[in-house]
2 protein chains.
Amino acid sequence: MLDKNHPLPIYFQLKELLREKIASGEWKPGDMVPSERELSEQFHISRMTARQALSELATEGLLRREQGRGTFVAEPKIEHGLTRLTGFTEDMKARGLRPGARVIRLELITPPLLAMQALQISPETKIVLLERLRLAEGEPIALETSHLHFPGVEALLNEDFENHSLYSILSEKYQITPARAVQKIGADLCSQREQALLNIGEGAPVLRNKRITYDQWGRPFEYTESAYRADRYVFQAELNAS
Amino acid sequence: MLDKNHPLPIYFQLKELLREKIASGEWKPGDMVPSERELSEQFHISRMTARQALSELATEGLLRREQGRGTFVAEPKIEHGLTRLTGFTEDMKARGLRPGARVIRLELITPPLLAMQALQISPETKIVLLERLRLAEGEPIALETSHLHFPGVEALLNEDFENHSLYSILSEKYQITPARAVQKIGADLCSQREQALLNIGEGAPVLRNKRITYDQWGRPFEYTESAYRADRYVFQAELNAS
DNA sequence: CTTCTATACTGGTATAGACCACTGAACCAC
DNA sequence: GTGGTTCAGTGGTCTATACCAGTATAGAAG
């Protein structure tokens with residue numbers, strides 16, 4: 001099972017092994033995992049080495065340790081999803097709604113000022129503009145205007161954004177993983193254009209969201225302005241004291 | 001410095017000691033802290049014990065470890081403040097504005113349905129209702145309606161909420177620390193009452209926030225509905241992938 | 001001067017052993 | 001049955017030691 005001559009440390013190999021047992025469902029939440037002494041005998045390693053693996057997994061939230069009782073597989077956290085970074089598609093699915101999209105604009109443009117600042121680029125840099133009407137159960141919910149910039153961004157012009165989500169295309173084809181986003185959320189009255197596209201009344205309120213999204217290396221690759229129908233959408237957030 | 005007979009573990013005492021050095025500013029971000037071997041000699045403890053203290057502080061983000069170089073005080077994170085739990089007062093101060101409050105209602109009531117569910121109480125339970133007009137630089141920004149419930153909540157009726165923030169009173173006098181909050185943020189048109197109090201035009205948009213706040217033991221103690229002037233306030237949030 | 005090398009640091013990993021505090025069950029006395 | 005004790009097993013703490021891997025520097029070699 002564990003290779004003492006492997007370049008990776010033993011405790012790390014053990015962590016991966018335990019992680020796999022949990023991910024595969026072989027060990028379910030609430031199950032007791034082998035004790036430190038059992039693991040150290042079974043794998044012929046020191047108790048402290050086994051302990052390091054268990055402790056780190058406990059810190060990561062996968063295990064729960066109880067003095068005098070044992071170490072158990074932790075219950076999966078419910079909390080998240082409120083402060084987790086997702087796109088419209090995943091957001092709607094989490095709400096139990098069928099997401100959809102109608103592409104309105106998809107073209108190479110020179111960036112407007114706000115997008116330029118958000119994406120930290122010069123005025124000459126060409127970016128991709130993607131405007132989509134977002135649907136839930138076939139009904140218009142939001143108007144999303146995305147400004148995208150990264151090496152080779154032009155290739156996006158040939159993608160199908162009506163049947164695939166932006167984030168899934170970016171991660172699968174372009175190896176860009178959204179890692180962090182900062183949003184500003186405000187209220188406003190809808191514009192005439194929004195009124196027509198979202199099929200709402202004149203002077204109806206909308207929730208406006210301006211989001212800058214950063215990739216796994218901390219580089220901003222997306223600046224999106226959205227207008228959500230106020231009667232169909234609320235933004236959920238979780239705050240912590242720490 | 002460290003007491004080996006103290007009920008608290010040595011590594012824990014050492015952690016607190018190091019934490020204090022950092023909090024007091026004696027050690028500044030980027031400074032190198034004593035090496036594991038130095039600490040073990042200085043305090044006559046095992047290197048592994050010193051190591052545990054340093055490792056845990058590194059996990060918490062206070063220290064940064066570099067193999068071959070040493071252990072350093074970490075740069076304070078900028079990120080937070082966006083997803084950190086604060087009340088109106090602290091929020092405004094963070095935006096560089098002078099906060100204020102005008103109490104409109106402060107009374108003991110039977111809870112409305114939404115407050116009942118949020119606070120997980122029965123219809124007979126009396127709660128304190130606190131309605132405040134919130135100001136920034138003397139100008140109305142938001143109308144906050146707070147429903148409060150905890151043992152001895154009636155005492156709040158005698159507090160001065162115009163010169164002290166709710167959260168500061170709760171933590172200083174009632175030992176209630178806001179630890180976590182869940183919010184739903186939506187857009188809407190202002191009501192007639194809000195229009196008058198906030199001094200905005202008829203049909204002006206407002207940002208509505210419904211917040212449930214939990215104390216350090218995970219018990220909900222506050223349910224607040226707020227209406228913010230859309231022209232003066234945007235909500236900021238940070239999202240992470242993990 | 002540059003380049004290599006030895007050396008003395010740093011944190012990272014791993015061992016073996018010891019004692020503590022807590023839990024739960026088995027057992028015994030009443 | 002009730003209440004206490006004993007005991008084995010668990011994680012928590014701590015020691016002492018060893019070697020590995022990465023970093024910086026001083027000094028030797030070119």
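Throughout, protein chains are lettered first and strands after them, A, B, ... in sequence-line order, and every chain is numbered starting at 1.
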Visitor: So which nucleotide from dA24(D), dC14(D), dT13(C) ends up closest to the side chain of R69(B)?
Guide: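 The closest nucleotide is dA24(D).
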
Visitor: Whole Å only: how far is the NE2 atom of H44(B) from the P atom of dC14(D)?
Guide: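 So the two atoms are 16 Å apart, to the nearest Å.
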
Visitor: Is a side-chain N or O of K28(A) found less than 3.5 angstrom from the main chain of G25(A), in a donor-acceptor match?
Guide: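 Checked: pair present.
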
Visitor: Quickly work out the L39(B) CG to dT15(D) C1' distance and round it to whole Å.
Guide: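 Value for this atom pair: 16 Å.
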
Visitor: Does the pair K15(B)/E60(B) count as a salt bridge with the N-to-O cut at 4.0 Å?
Guide: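 Here K15(B) pairs with E60(B) in a salt bridge, since their nearest N and O are under 4.0 Å apart.
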
Visitor: Need one value for I45(A): base, sugar-phosphate or nothing, where a base atom within 4.0 Å counts as base even if backbone is also close, heavy atoms only.
Guide: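 It contacts sugar-phosphate atoms only.
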
Visitor: Looking at dT13(D), dT13(C), dC19(C), which one has an atom nearest to any side-chain atom of R51(B)?
Guide: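 Of dT13(D), dT13(C), dC19(C), dT13(C) is nearest to the side chain of R51(B).
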
Visitor: Could you work out which one of dC22(C), dT15(D), dG11(C) sits closest to the side chain of Q67(A)?
Guide: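 Closest nucleotide among those given: dC22(C).
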
Visitor: Could you go through the ring-ring contact (aromatic ring centres under 6.0 Å, His included) check for F221(B) and Y214(B) one step at a time?
Guide: CA-CA 6 Å; F221(B) 70 90; Y214(B) 301 82; 8.4 Å; no

Visitor: How close or far is atom P of dC20(D) from atom NE2 of H6(A), stated in whole angstroms?
Guide: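 So the NE2-P distance, H6(A) to dC20(D), works out to 19 Å.
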
Visitor: Report the residue (F12(A) or G70(B)) whose heavy-atom-nearest nucleotide on DNA chain C is the more 5′ of the two.
Guide: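 By nearest-heavy-atom nucleotide position, the 5'-most residue is G70(B).
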
Visitor: Counting side-chain heavy atoms from C-beta on, which of dT10(D), dT10(C), dT13(D) comes nearest to E38(B)?
Guide: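 Looking only at side-chain atoms, E38(B) lies closest to dT10(C).
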
Visitor: Is it true that E90(B) and K93(B) have a side-chain N and a carboxylate O under 4.0 angstrom from each other?
Guide: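 Answer for the salt bridge query: no.
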
Visitor: Can you measure R47(B) atom CZ to dA18(D) atom C1' for me and round it to whole angstrom units?
Guide: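 Spelled out: CZ on R47(B) to C1' on dA18(D) is 10 Å.
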
Visitor: For dC14(D), take OP1 and OP2 only and decide whether either is under 4.0 Å from a side-chain N or O of T49(B).
Guide: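 So the side-chain polar atoms of T49(B) never come under 4.0 Å of the phosphate oxygens OP1 or OP2 of dC14(D).
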
Visitor: Within the pair T71(B) and dG11(C), is there a side-chain N or O less than 4.0 Å away from OP1 or OP2?
Guide: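 The answer is yes; a side-chain N or O of T71(B) sits under 4.0 Å from OP1 or OP2.
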
Visitor: Identify, between G68(A) and L54(B), the residue whose nearest nucleotide on DNA chain C lies closer to the 5' end.
Guide: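 In this pair, the answer is L54(B).
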
Visitor: Starting at atom CZ of F43(B), determine the distance to atom C1' of dA16(D), rounded to an integer number of angstrom.
Guide: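 Result: 20 Å.
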
Visitor: Rounded to whole Å, how long is the line connecting atom CD of E36(A) with atom C1' of dG9(D)?
Guide: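 E36(A) atom CD is separated from dG9(D) atom C1' by 12 Å.
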
Visitor: Please report, rounded to the nearest Å, how far the P atom of dT15(C) is from the CD atom of Q52(A).
Guide: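 After rounding, the reported distance stands at 11 Å.
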
Visitor: Look at the side-chain N and O atoms of S46(A) and state whether any lies under 4.0 Å from the OP1 or OP2 oxygen of dA16(C).
Guide: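 It does not, given that no N or O in the side chain of S46(A) lies less than 4.0 Å from OP1 or OP2 of dA16(C).
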
Visitor: Report yes or no: does H147(A) contribute a side-chain atom to a donor-acceptor pair with the main-chain N or O of Y223(A) at less than 3.5 Å?
Guide: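 At least one qualifying donor-acceptor pair exists.
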
Visitor: Remember a base hit wins even if backbone is also touched, and classify I10(A) as base, sugar-phosphate or nothing at under 4.0 Å, heavy atoms.
Guide: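 Here I10(A) touches the backbone only, sparing every base.
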
Visitor: To the nearest angstrom, how far is Q13(B) atom CD from dC14(D) atom P?
Guide: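 Going from CD in Q13(B) over to P in dC14(D) covers 8 Å.
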
Visitor: With hydrogens left out and only the distance checked, is there a donor-acceptor pair under 3.5 Å joining R37(B)'s side chain and the base of dG11(C)?
Guide: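 Side chain to base: pair present.
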
Visitor: Look at E225(A) together with R208(A) and state whether they make a salt bridge at an N to O cut-off of under 4.0 Å.
Guide: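 Looking at R208(A) together with E225(A), the answer is no, because their closest N to O distance does not fall below 4.0 Å.
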
Visitor: Measure from the side chain of M48(B), starting at C-beta and using heavy atoms only, and say which of dA14(C), dG11(D), dC14(D) lies closest.
Guide: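 Among dA14(C), dG11(D), dC14(D), the one nearest the side chain of M48(B) is dA14(C).
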
